[in-house]
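Residue indices begin at 1 and follow the sequence shown. No experiment lies behind these values; they were computed from the predicted model shown.
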Amino acid sequence: MDKVMKLKQTLQRAELEAKRRLEIDLNAVNMEDAKANEQGFMIIRKKQKAANQTRFSQTIDLNISYLCQAQYLTSAEFSFIFTLAPMLKIGVNAIVDPQTGQYCSVSEIGTFLKRSRQKTSEMISDLIKKGIMYEFANVHELKIHGRHVTRRPFFLNPEILCCGDKNKLESGITQLMVHYNILEKAGIKLPIKAIVEPHGKYGKLVKRKVFLEIQKKRGNK
């Protein structure tokens, strides 16, 4: 135990010394600034680069290649999926109006994509059946009213196209995807899978091996 404690103390001291070396002595900087001013010079702080605010979605290439080889999706379905990219909500993959951020209905999706409502509805229905898109209804609402009153949000499977950080997926949606894993049930074993680790704050995309290990721990087949 004494050796362990000494090692911890040594590491802590080393860490503190490293931090001190990295810290800027502002008093020294101010003194040098004053000296520079006396001689007609000035110290200028380096301008920080602005963060790149460009919005983008990531294609999950291994999964797309797998789906192509398996011929699971048609060319028209692939095309439809990629045209949805500008409508994806960051971190959630919900299909929303890019201007307002509100969930889109089938008609609004069709209007944005310049497609008929009928063809849009048929395409979405097919992709939902295949586990590429998800539609989550409010069960409580159905019990009370017997029909949908509020908009039913549509989501694109982030295992195909992910908008935002692939390690910070919305956990609730990811858990529902894992529960209703249509692709797995259809025999489609994607090499990259979405998962929420036990007590995890976010969902994330992981290699299939990791996905299976986590599922095994949970007692899922």
Side-chain angles (χ1 to χ4, degrees), residues 53-61 63-64 66-68 70-166 168-186 188 190 192-194 196 202-205:
Q53 299 296 321
T54 303
R55 188 178 177 282
F56 71 97
S57 296
Q58 304 176 67
T59 56
I60 312 304
D61 295 346
N63 287 350
I64 291 172
Y66 178 99
L67 292 171
C68 287
Q71 298 184 322
Y72 188 66
L73 299 175
T74 66
S75 297
E77 287 170 338
F78 268 121
S79 176
F80 184 83
I81 290 167
F82 292 125
T83 56
L84 288 174
M87 303 183 77
L88 297 180
K89 185 174 181 179
I90 295 176
V92 183
N93 257 42
I95 300 171
V96 300
D97 183 312
Q99 299 299 320
T100 65
Q102 297 296 312
Y103 294 126
C104 284
S105 64
V106 172
S107 296
E108 289 166 338
I109 294 172
T111 299
F112 184 85
L113 300 180
K114 307 300 181 185
R115 299 169 59 98
S116 71
R117 187 195 184 286
Q118 181 64 31
K119 288 184 178 180
T120 302
S121 179
E122 291 172 356
M123 179 64 75
I124 290 175
S125 294
D126 289 342
L127 290 174
I128 288 174
K129 290 175 183 175
K130 290 185 174 184
I132 303 301
M133 287 182 66
Y134 285 83
E135 176 188 25
F136 296 114
N138 188 324
V139 177
H140 183 65
E141 186 179 90
L142 286 172
K143 287 181 178 178
I144 295 175
H145 303 284
R147 62 186 178 84
H148 294 290
V149 178
T150 56
R151 296 192 180 202
R152 295 165 291 165
F154 293 101
F155 299 85
L156 183 65
N157 190 328
E159 294 167 343
I160 314 303
L161 190 65
C162 180
C163 184
D165 189 337
K166 62 181 181 295
K168 287 187 177 181
L169 305 177
E170 205 283 323
S171 62
I173 299 305
T174 309
Q175 287 172 342
L176 286 169
M177 280 179 52
V178 173
H179 181 72
Y180 297 104
N181 210 326
I182 299 169
L183 288 168
E184 290 288 308
K185 292 175 182 177
I188 301 299
L190 295 178
I192 305 295
K193 295 293 295 179
V196 180
Y202 298 104
K204 61 181 180 179
L205 296 179

For S107, which residues count as a side-chain hydrogen bond (donor to acceptor under 3.5 Å, both in side chains) partner, sequence neighbours excluded?
R117
Do K130 and E77 meet the salt-bridge criterion of a basic N to acidic O distance under 4.0 Å?
yes
Quick one, E170 with K89, criterion salt bridge (charged side-chain N to carboxylate O under 4.0 Å, His left out). Give me CA distance, side-chain angles, the key distance, then yes/no.
CA-CA 11 Å; E170 205 283 323; K89 185 174 181 179; over 6 Å; no
So, does D165 use its side chain to make a donor-acceptor pair with the main chain of G91 at under 3.5 Å?
no
How long is the gap from CG on L73 to OG on S79, to the nearest 0.5 Å?
12.0 Å
I want to check something: taking the side chain as every heavy atom from C-beta on, are I124 and F154 in contact at a cut-off of under 4.5 Å?
yes
Given 3.5 Å as the limit, does a donor-acceptor pair link the side chain of S125 with the main chain of S121, or not?
yes
Pairwise side-chain contact, V196 with V178, heavy-atom cut-off 4.5 Å (strictly under):
no
Suppose we screen for side-chain contact (heavy atoms from CB on, under 4.5 Å). Which residues come up paired with Y66, at least two apart in sequence or across chains?
A70, I188, K189, L190, P191
Could you pull out the closest heavy-atom pair between T174 and G203, with the gap in Å?
OG1-CA, 3.9 Å
Evaluate the side-chain proximity of I192 to K166: yes if any heavy-atom separation is below 4.5 Å, no if none is.
no
So do I64 and L161 actually touch side chain to side chain, heavy atoms under 4.5 Å?
no
side-chain contact (heavy atoms from CB on, under 4.5 Å) filter on S116, not counting sequence neighbours, yields Q118, K119
Does some side-chain heavy atom of T59 sit less than 4.5 Å from a side-chain heavy atom of F82?
yes
Distance check, rounded to the nearest 0.5 Å: S105 atom OG versus I95 atom CD1?
11.0 Å
What residues form a ring pair (Phe, Tyr, Trp, His ring centres under 6.0 Å) with F155, not counting sequence neighbours?
F136
Taken in chain and number order and not counting sequence neighbours, the residues that satisfy side-chain hydrogen bond (donor to acceptor under 3.5 Å, both in side chains) with T83 are none
With side chains defined as the heavy atoms from C-beta onward, is the minimum distance between L205 and I60 less than 4.5 Å?
yes
What's the spacing between C163 SG and N93 CG if we round to 0.5 Å?
6.5 Å
Non-hydrogen atoms of M87 and L113 that approach each other most closely:
SD-CD2, 4.4 Å
So how far is it from Y103 OH to I109 CD1, rounded to the nearest 0.5 Å?
12.5 Å
Distance from T100 atom OG1 to E108 atom CD, nearest 0.5 Å?
8.0 Å
Quick one: closest heavy-atom pair of I132 and L156, and the distance?
O-CD1, 3.5 Å
Donor-acceptor check, side chain of Q58 to backbone of G164, threshold 3.5 angstrom: yes or no?
yes
I need the minimum non-hydrogen distance between P98 and P86, along with the two atoms involved.
CG-O, 3.6 Å
Any side-chain heavy-atom pair from I173 and Y134 closer than 4.5 angstrom?
no
Do N157 and E159 have side-chain atoms, one donor and one acceptor, less than 3.5 Å apart?
yes
So how far is it from F80 CZ to T74 OG1, rounded to the nearest 0.5 Å?
11.0 Å
Taking all heavy atoms of A85 and all of S57, pick out the closest pair and write down the distance.
O-OG, 3.8 Å
Residues 98-107 vs salt bridge (Lys or Arg N to Asp or Glu O under 4.0 Å), sequence neighbours excluded, gives none
What one should report as the nearest heavy-atom pair of M123 and A76 is CE-O, 3.8 Å
Could you check whether any side-chain heavy atom of L67 comes within less than 4.5 Å of a side-chain heavy atom of I160, counting everything from C-beta outward?
yes
Are there more than 12 heavy atoms of other residues, nucleotides or ligands under 6.0 Å from atom OH of Y180?
no
